[in-house]
2 protein chains.
Amino acid sequence: MENTIENIRAQMRKGLLDYCILSILGKHEAYASSLIEELKAAGMIVVEGTLYPLLIRQKNQGLLDYRWEESTQGPPRKYYVLSDKGREQLAQMDAAWQEIIESVNTLKRV
Amino acid sequence: MENTIENIRAQMRKGLLDYCILSILGKHEAYASSLIEELKAAGMIVVEGTLYPLLIRQKNQGLLDYRWEESTQGPPRKYYVLSDKGREQLAQMDAAWQEIIESVNTLKRV
DNA sequence: TCTAATACCTTGTATCGCAAAGTACCAAAA
DNA sequence: TTTTGGTACTTTGCGATACAAGGTATTAGA
């Protein structure tokens, strides 16, 4: 159980991944590798072995749909889009996220 | 695997508990039950079965020290205080938390 | 036809948070 | 003095998440 700054960050990221995925898909459809790129660019590192099961879970929960699309350079891609249910949940997560920020602020005050 | 708003919040809280505990102890010493009260008041619900192992972990990592203190109404209390190492880590966590907020903001933008 | 690049998926492991149950101390009532 | 209720600390078993590592499959180009 290491104690580096990287592990601290990784620990905090836990539980936010679902939210981040839905947030991205709320803006535009995407496939797994592109999600990883976008997350990495924002500083939320994720690896394939985390993302694929997560997408399957969200799909099974009815939050996502997907369609296959040919690529010009490689195998076909599985493009995910937000379902209506996913959009609802994203709205709830937006609220939950704001509340958590507020909770931490409250703890910091006083 | 339920999908309620409560579970969504619980999911997001994960990984922030360590940070919240250190944040509180950064302001004043506290014992477990008082930590639970303060966390609950701020909206970060925690139960004993979560908190005690967490405190033991942080103690074993050298982030906390504790001392026993008699109580006027009940068994003695284990008051935890932040160690120097804990203070360092809290500073790192403050930075990490700000970065995560920024990462989420980045994902939300565009 | 082999290789490199891209993309998707699975398995095993560690850890976290929770529910539930257990242990111990203290004070006041019976 | 024994019992009861409240407070506080601890442990065990379980479910879920994230990661590391390895695997499968498709395509383009050498």
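The sequence lines fix the lettering, A, B, ..., with proteins before strands; numbering per chain opens at 1.
When all heavy atoms of A:Arg9 and B:Ile100 are compared, the pair lying nearest together is O-CD1, 4.0 Å.
Rounded to whole Å, atom P of C:dG17 lies 12 Å from atom CG of B:Leu55. In this structure, the CZ atom of B:Arg67 is 16 Å from the C1' atom of D:dC9, given to the nearest Å. The nearest whole Å value for the distance from the CG atom in A:Leu35 to the P atom in C:dA7 is 12 Å. Taking atom CG on B:Leu39 and atom P on C:dC18, their separation rounds to 11 Å, with Å as the unit. One can place NZ of B:Lys59 at 12 Å from P of D:dT10, the figure rounded to the nearest angstrom. To the nearest angstrom, P of C:dT11 lies 11 Å from CD1 of A:Ile56. Per the geometry, CD belonging to B:Gln61 stands 8 Å off P belonging to C:dC16, to the nearest Å. Counting to the nearest Å, the P atom of C:dC26 and the CZ atom of B:Arg77 are 13 Å from each other.
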Next on the checklist: Can you build the contact string for nucleotides 18-30 of chain D? Use B for base contact, S for sugar-phosphate-only contact, and - for no protein heavy atom under 4.0 Å.
Outcome noted: SBBB----BS---

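When each of C:dA7, C:dC9, D:dT11 is scored by its nearest atom to the side-chain atoms of A:Tyr80, the top-ranked nucleotide is C:dC9.
Residues A:Met12 and B:Leu51 share a single hydrophobic cluster, defined by chaining ILVMFWY side chains whose heavy atoms lie under 4.5 Å apart. Both A:Leu54 and A:Tyr80 are assigned to one and the same hydrophobic cluster, defined by single-linkage of ILVMFWY side chains at heavy-atom distances under 4.5 Å.
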Using atom types as modelled, flag every donor-acceptor pair under 3.5 Å from a side chain in residues 35-44 of chain B to any protein atom, sequence neighbours excluded.
unit_1: B:Glu38; atom_1: OE1; unit_2: B:His28; atom_2: NE2; d: 3.2
unit_1: B:Glu38; atom_1: OE2; unit_2: B:Lys27; atom_2: NZ; d: 3.3
unit_1: B:Glu38; atom_1: OE2; unit_2: B:His28; atom_2: NE2; d: 3.4

Next on the checklist: Would A:Arg67 and A:Glu29 count as a side chain to side chain contact (heavy atoms under 4.5 Å, CB included) here? Give the steps.
Outcome noted: CA-CA 10 Å; A:Arg67 62 181 171 73; A:Glu29 61 179 16; 2.3 Å; yes

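Note on A:Tyr52: a side-chain N or O is less than 4.0 Å away from OP1 or OP2 of C:dC8. Remark: A:Tyr31 is not in phosphate contact with C:dC8, judged by side-chain N or O atoms under 4.0 Å from OP1 or OP2.
With the end axes of the helix from C:dT1-D:dA30 to C:dA30-D:dT1 each set by five pairs, the angle from one to the other reads 20° at 10° resolution.
Pairs passing the salt bridge (Lys or Arg N to Asp or Glu O under 4.0 Å) check and including a residue from residues 42-54 of chain B, sequence neighbours excluded, do not occur. Residue pairs satisfying the salt bridge (Lys or Arg N to Asp or Glu O under 4.0 Å) criterion with at least one member in residues 13-24 of chain A, sequence neighbours excluded, are listed as follows: A:Glu6-A:Arg13.
Taking A:Lys59 as the reference, nothing meets the salt bridge (Lys or Arg N to Asp or Glu O under 4.0 Å) condition, with sequence neighbours excluded.
For B:Tyr79 and B:Tyr31, the ring centers are positioned less than 6.0 Å apart.
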